[in-house]
Amino acid sequence: MAEGPQPKRKREEEEKNGGDATQGGGAAAFTLSDLRVRRVLRESARDKTVFLHAERTGLSGEGTDAVVILEKTPFQEEKIPDLLKKPMNAELQMHNDIYCTFYLSPPPELSEIKATVVYPATEKHIQKYLRQEVHLIRETWEDYKNITLPFIQSQSFSIQWVYNILEKKAEADRIIHENPDPSNGFVLVPDLKWNQNQLDDLYLIALVHPREIKSLRDLTAKHLPLLRNVLQEGKEAIVKRFGVPGSQLRIYLHYQPSYHHLHVHFTALGYDAPGSSVERAHLLADVIDNLAMDSMYYQKRALTFPLRADEPLFKKFQEAGKV
């Protein structure tokens with residue numbers, strides 16, 4: 001979901017918009033048929049995903065913006081035999097020697113599409129999913145203090161959805177593991193992009209209990225017990241519940257993160273997860289080693305991350321002559 005902030009079913013404050021839909025958000029109050037497509041924001045052939053700018057017309061006749069993300073769900077191994085057995089239209093497109101290509105129209109139960117809705121959507125949400133050029137930023141510690149941190153502090157996006165999970169006001173039934181320690185504990189939950197029907201695209205998120213840690217930049221050696229708990233207990237919980245060993249997991253943090261409450265991504269190693277490339281992902285084991293060597297490691301080194309051309313933070317770096 002070029003590498004920029006990736007949209008594919010992420011637990012982001014933009015997608016949650018301040019809380020779970022059943023906790024007072026708008027998404028539960030309407031159906032997809034209530035929405036009218038206004039334009040295609042972006043389409044990803046690789047990820048089989050399309051991002052739409054939609055609108056819902058209210059009783060007053062005024063339209064309210066929404067973003068709809070449509071993505072084809074992964075194949076489920078146990079259903080693959082049915083894909084060829086069940087009656088379906090199979091149109092031959094090409095036949096050349098030993099090679100042929102068919103276009104299939106499988107029955108509905110074998111051709112699911114997942115829809116994620118952001119509603120009501122602001123202009124920021126719409127711009128977030130719009131196709132844009134991406135640039136790499138090299139941020140020094142001074143850049144962070146003078147440009148990035150003031151920008152973060154000026155933003156108003158809510159992360160109440162994170163607190164809802166930590167306080168078990170939402171998604172309590174989805175919790176895979178919890179260490180309740182307020183300083184060194186965390187909650188492990190499936191990420192919204194994973195439907196839990198197959199392990200090929202396994203994706204979980206660890207949300208730490210301390211609320212003052214915004215990102216990699218805030219971490220020092222005093223956070224090592226917390227990070228080690230996330231790494232060790234997260235791996236143990238996943239192998240116990242899903243049978244996937246730690247050697248087959250990619251465990252990392254994003255910088256810049258999508259929302260500023262420290263969280264750690266756990267994905268299947270064979271899954272090309274959005275945002276897992278070198279421009280944005282920092283392996284948790286490496287972060288731990290770096291902090292063990294130097295408590296102030298992430299207050300000293302420059303960090304590289306991608307920004308889209310339309311993002312306000314990119315404009316701040318431009319204004320400062322850093323791009």
Side-chain angles (χ1 to χ4, degrees), residues 7-30 69 114-120 125 152 155-197 199 201-216 218-219 222-244 246 249 251-254 257-268 273 275 284:
K8 258 190 93 178
R9 298 181 63 186
K10 245 176 161 177
R11 288 182 175 278
E12 299 182 4
E13 72 277 30
E14 291 94 338
E15 291 183 4
K16 298 295 285 188
N17 200 30
D20 184 79
T22 59
Q23 300 295 317
F30 65 95
I69 306 168
K114 179 181 182 293
T116 301
V117 179
V118 183
Y119 176 85
H125 297 119
I152 292 170
Q155 299 306 291
S156 59
F157 268 132
S158 170
I159 55 172
Q160 184 58 46
W161 70 269
V162 174
Y163 304 150
N164 287 344
I165 294 174
L166 294 175
E167 296 168 5
K168 298 185 178 65
K169 294 179 179 177
E171 303 189 45
D173 59 331
R174 289 166 52 84
I175 292 175
I176 302 300
H177 173 78
E178 180 180 18
N179 179 328
D181 187 280
S183 299
N184 299 318
F186 67 99
V187 167
L188 183 68
V189 292
D191 188 272
L192 291 181
K193 68 174 64 59
W194 184 38
N195 60 18
Q196 301 183 64
N197 288 329
L199 298 178
D201 59 339
L202 176 143
Y203 201 142
L204 298 100
I205 294 288
L207 301 166
V208 303
H209 278 301
R211 299 189 180 189
E212 72 278 4
I213 314 172
K214 295 183 292 298
S215 74
L216 205 57
D218 291 326
L219 293 174
K222 74 176 183 179
H223 300 115
L224 283 172
L226 167 63
L227 298 177
R228 286 170 176 153
N229 284 349
V230 171
L231 181 63
Q232 186 60 35
E233 294 179 25
K235 289 193 293 186
E236 291 173 355
I238 290 173
V239 74
K240 181 178 179 180
R241 175 68 69 90
F242 304 109
V244 179
L249 294 172
I251 307 170
Y252 58 97
L253 298 84
H254 279 155
S258 301
Y259 50 94
H260 288 88
H261 177 101
L262 191 76
H263 56 285
V264 177
H265 303 254
F266 289 74
T267 67
L284 179 56

If we only count heavy atoms from C-beta on, is the [X] to [Y] side-chain gap below 4.5 Å?
| X | Y | answer |
| --- | --- | --- |
| Leu226 | Leu219 | no |
| Ile175 | Lys168 | yes |
| Leu231 | Val264 | no |

> Is His261 reaching over with its side chain to a backbone N or O of Val162, donor-acceptor style, under 3.5 angstrom?
Replying inline: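 It does not hold such a pair.
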>> Between Asn184 and Pro225 (side chain of the first, backbone of the second, donor and acceptor by atom type, cut-off under 3.5 Å), is there such a pair?
In response: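 It does not hold such a pair.
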> side chain to side chain contact (heavy atoms under 4.5 Å, CB included) between Trp194 and Leu199: does it pass, once the steps are laid out?
Replying inline: CA-CA 9 Å; Trp194 184 38; Leu199 298 178; 4.1 Å; yes
[atom2] on [Y] to [atom1] on [X], rounded to 0.5 Å:
| X | Y | atom1 | atom2 | result |
| --- | --- | --- | --- | --- |
| Ile238 | Ile251 | CD1 | CD1 | 6.5 Å |
| Leu202 | Phe266 | CG | CZ | 10.0 Å |
| His177 | Arg241 | NE2 | CZ | 11.5 Å |
| Leu227 | Lys222 | CG | NZ | 12.0 Å |
| Ile165 | Ile205 | CD1 | CD1 | 9.5 Å |
| His209 | Leu166 | NE2 | CG | 6.0 Å |

>> Apply side chain to side chain contact (heavy atoms under 4.5 Å, CB included) to residues Lys114 and Lys193 and explain how you reach the verdict.
In response: CA-CA 9 Å; Lys114 179 181 182 293; Lys193 68 174 64 59; over 6 Å; no
If I compare all heavy atoms of [X] with all of [Y], which pair ends up nearest, and what's the gap?
| X | Y | value |
| --- | --- | --- |
| Leu216 | Leu262 | N-CD1, 4.2 Å |
| Phe186 | Gly234 | CZ-N, 4.0 Å |
| Gly275 | Tyr252 | O-CE1, 4.1 Å |
| Asp218 | His223 | O-CE1, 3.3 Å |
| Pro190 | Ile176 | CD-CG1, 3.9 Å |
| Tyr259 | Ile159 | CB-CG2, 4.0 Å |

>> Would Glu171 and Asn164 count as a side chain to side chain contact (heavy atoms under 4.5 Å, CB included) here? Give the steps.
In response: CA-CA 8 Å; Glu171 303 189 45; Asn164 287 344; over 6 Å; no
> Could you go step by step and tell me if Asn229 and Asp181 meet the side chain to side chain contact (heavy atoms under 4.5 Å, CB included) rule?
Replying inline: CA-CA 10 Å; Asn229 284 349; Asp181 187 280; 6.0 Å; no
>> Between His265 and His263, is the ring centroid distance below 6.0 Å?
In response: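 Between His265 and His263, the centre distance is under 6.0 Å.
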